[in-house]
Every structure is written in structure tokens, then in C-alpha cells.
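Numbering of ligands and ligand atoms starts at 1, following listing order.
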Amino acid sequence: MDNRPVGIFDSGVGGLTVVKEVMKQLNNESIIYFGDTARVPYGTKSKNTVTKFAIQIIRFLLQQDVKAIIIACNTVNSNCIEELRNVFPDVIIEGVVEPGVKMALSATKNGRIGVIGTEATIASNRYTTLLTENHKDYRVYNKACPLFVPLVEDGWQNKQVTIMVIEEYLKELKTKDIDTLILGCTHYPILHTALKQVVGDNIQLINPANEAAHSMGERLLEKNIAATHSLGHKFYVSDHPEKMKDMAKMFLGYTINEVVEIDIENY
Ligand code: DGL
């Protein structure tokens with residue numbers, strides 16, 4: 001038993017979709033969340049820059065005495081999770097991409113899977129590599145959807161224009177006979193209803209956060225470090241704490257009272 005917190009981080013507010021799942025599934029755990037709101041987006045940045053940012057954030061989280069870390073950001077996962085595990089071998093580092101792959105592989109019936117994410121996530125080809133590692137005959141169709149993040153951040157998830165943008169991005173994917181679509185970006189679960197409207201009932205949408213929370217729970221049990229009760233959650237950002245509070249209503253479904261701003265460049 002270990003009541004120290006689990007650290008969760010993202011390039012910004014989107015990782016709250018992962019926080020939501022962890023709160024739901026692992027309700028004895030305390031969470032320390034960091035959103036890099038000063039340096040978001042990561043999705044357009046290079047691997048080197050994203051890796052450097054993630055190392056600073058993990059140093060900050062370790063200083064808060066976290067017992068394990070979930071990298072909520074798909075862009076970080078896709079570009080450098082292995083490097084981060086090598087740099088920090090003593091802490092459990094879970095991601096969202098591996099859990100997303102696991103979910104998609106058990107969901108697909110026809111072995112035709114779509115992946116949507118930021119430009120950096122799609123360019124990394126990480127989802128395709130993992131999905132086809134043991135299934136050489138599976139077909140993976142990728143599409144970067146850079147406009148989805150700003151649409152969500154502006155709270156436009158139910159607007160007609162968002163449906164039109166989704167239709168445009170998914171036009172080609174819809175012709176590929178996929179039966180499973182991985183939402184490979186923190187923000188996309190917020191678009192679930194709109195995406196469903198565009199892709200219809202024959203394509204299952206995969207939110208990797210579900211399995212990420214589940215597999216973190218299993219790791220904690222395995223290592224005998226699951227918490228007995230939650231000591232509460234703390235939220236940190238590198239800029240605009242008020243914006244995080246506003247966004248929390250949409251991503252978490254309730255208000256966060258305190259968000260602390262820190263200078264992540266110091267770590
Ligand atoms: N959090 C990022 C991801 O999941 C999306 C936002 C960004 O580009 O930083 O890939």
C-alpha cells in the first residue's frame with residue numbers, strides 16, 4: 001500500500017480526459033496533474049523538443065513525490081515514451097498509446113483500423129508499428145486532424161461547423177472499410193458524439209484513456225502500491241491557471257477550485 005499520488009501530464013488541458021478515467025476507475029488514488037499550457041501545442045513540434053519538455057515535467061512530478069506517472073499526451077507517447085522510460089528507470093511510466101492499441105486489437109473484427117491524432121503523433125507512425133507488430137496482415141489508416149484541438153478548446157464540440165470539419169478529415173478513412181477508430185489525441189473524446197454522427201454505428205471509437213487507467217490500476221496492484229484512500233488531487237499548469245479551471249468543466253464535468261502556476265523551465 002502506498003498513498004503517494006499518481007502523476008498525470010499533458011501538453012495542456014486535454015489530459016483531463018485521462019484524469020477523468022483515473023478518477024472513475026481508481027478512486028482511492030490521489031492525482032497530481034500538470035498541463036504545459038505555456039508550451040502547448042506539442043502536436044506541431046519536433047521529437048527533440050517534445051522529449052526535452054517531457055523530461056522537465058517528469059522531474060517536476062518526481063519532486064512532488066509521485067509513485068507512478070501516466071503520460072496522457074499522445075504526442076509525447078508516440079515520440080519518446082521509450083526514451084523517457086530509459087531516462088527514468090525507477091518510476092512506473094504508463095502511456096495511452098499502448099493501451100489504445102490493446103483496446104483496438106481486441107475490438108477489431110476485420111483487422112482494418114483507423115487512427116486520428118496530431119501531426120506529430122501520425123508522423124511518428126507509432127500506432128501503426130504497434131498495431132501491426134504481431135498482425136502483419138492488419139491495415140492501419142492514419143489521419144492527422146490538427147483543427148480538432150482548437151475546436152474542442154473553443155467549446156465547439158456540438159457546432160455544425162465541427163461536423164463539417166470532421167466530415168472533411170474523415171472522408172477518405174470512411175472509404176477504407178475500417179471497423180475501429182482510435183481517438184489518438186487527448187482532446188478527441190470530447191468530440192465523441194460528433195465523431196459518432198459522422199462515422200455511424202459500424203465503426204467503434206476507441207478512447208485509450210479507459211485502458212490506460214485500467215492498466216495503471218493493474219501495475220499498482222502488481223507492485224503492491226495501490227492506495228487505500230485518496231488524499232485529494234492537485235492541478236498545476238505553466239500558464240493561464242484560470243483557463244484550466246474553465247476547461248475543467250468540459251473535460252472533467254466539474255469545477256477545480258485551485259490551479260497552481262509553476263515555471264516548468266526551472267526543472
Ligand atoms: N495533448 C496532445 C495530444 O494528445 C494534443 C494537443 C497538442 O498538440 O499538444 O497529442
Open item on the list: One residue to check: D10. Relative to ligand 1, which of side chain, backbone, both or neither has a non-hydrogen atom less than 4.0 Å away?
Closed with: side chain

Open item on the list: Going by the closest heavy atom to atom 8 (O) of ligand 1, which one wins out of G43, G15, S11?
Closed with: G43

Open item on the list: Could you tell me if T162 and Q157 have a donor-acceptor pair between their side chains, going purely by distance under 3.5 Å?
Closed with: no

- [ ] Output yes when K109 and D179 qualify as a salt bridge under the 4.0 Å nitrogen-oxygen rule, no when they do not.
- [x] no

Task: CA sep, side-chain torsions, deciding dist, call: I262, F34, side chain to side chain contact (heavy atoms under 4.5 Å, CB included) - done: CA-CA 9 Å; I262 57 147; F34 175 77; 3.7 Å; yes

Task: Where ligand 1 meets T118 - atom numbers and elements under 4.0 angstrom, heavy-atom basis - done: 5 (C), 8 (O), 10 (O)

Open item on the list: Counting only heavy atoms, tell me which of T75, V76, I71, N77 gets closest to atom 3 (C) of ligand 1.
Closed with: T75

Task: Side-chain donor/acceptor of D2 to backbone N/O of I225, under 3.5 Å - done: no

Task: Within-4.5 Å side-chain heavy-atom neighbours: I203 and T180 - done: no

- [ ] Could you pull out, from F148, Y42, Y188, F53, the option with a heavy atom nearest to atom 7 (C) of ligand 1?
- [x] Y42

TODO: Find out whether the Lys NZ or Arg CZ of R39 is both under 6.0 angstrom from the six-membered ring centre of F53 and within 45° of the ring's axis.
DONE: yes

Task: Atom indices of ligand 1, in the order listed, that fall short of 4.0 Å to a heavy atom of V40 - done: 9 (O)

- [ ] Please state whether C185 comes within less than 4.0 angstrom of ligand 1, counting heavy atoms only.
- [x] yes

Open item on the list: Does the residue G12 have a heavy-atom contact with ligand 1, meaning some pair of atoms that are separated by less than 4.0 Å?
Closed with: no

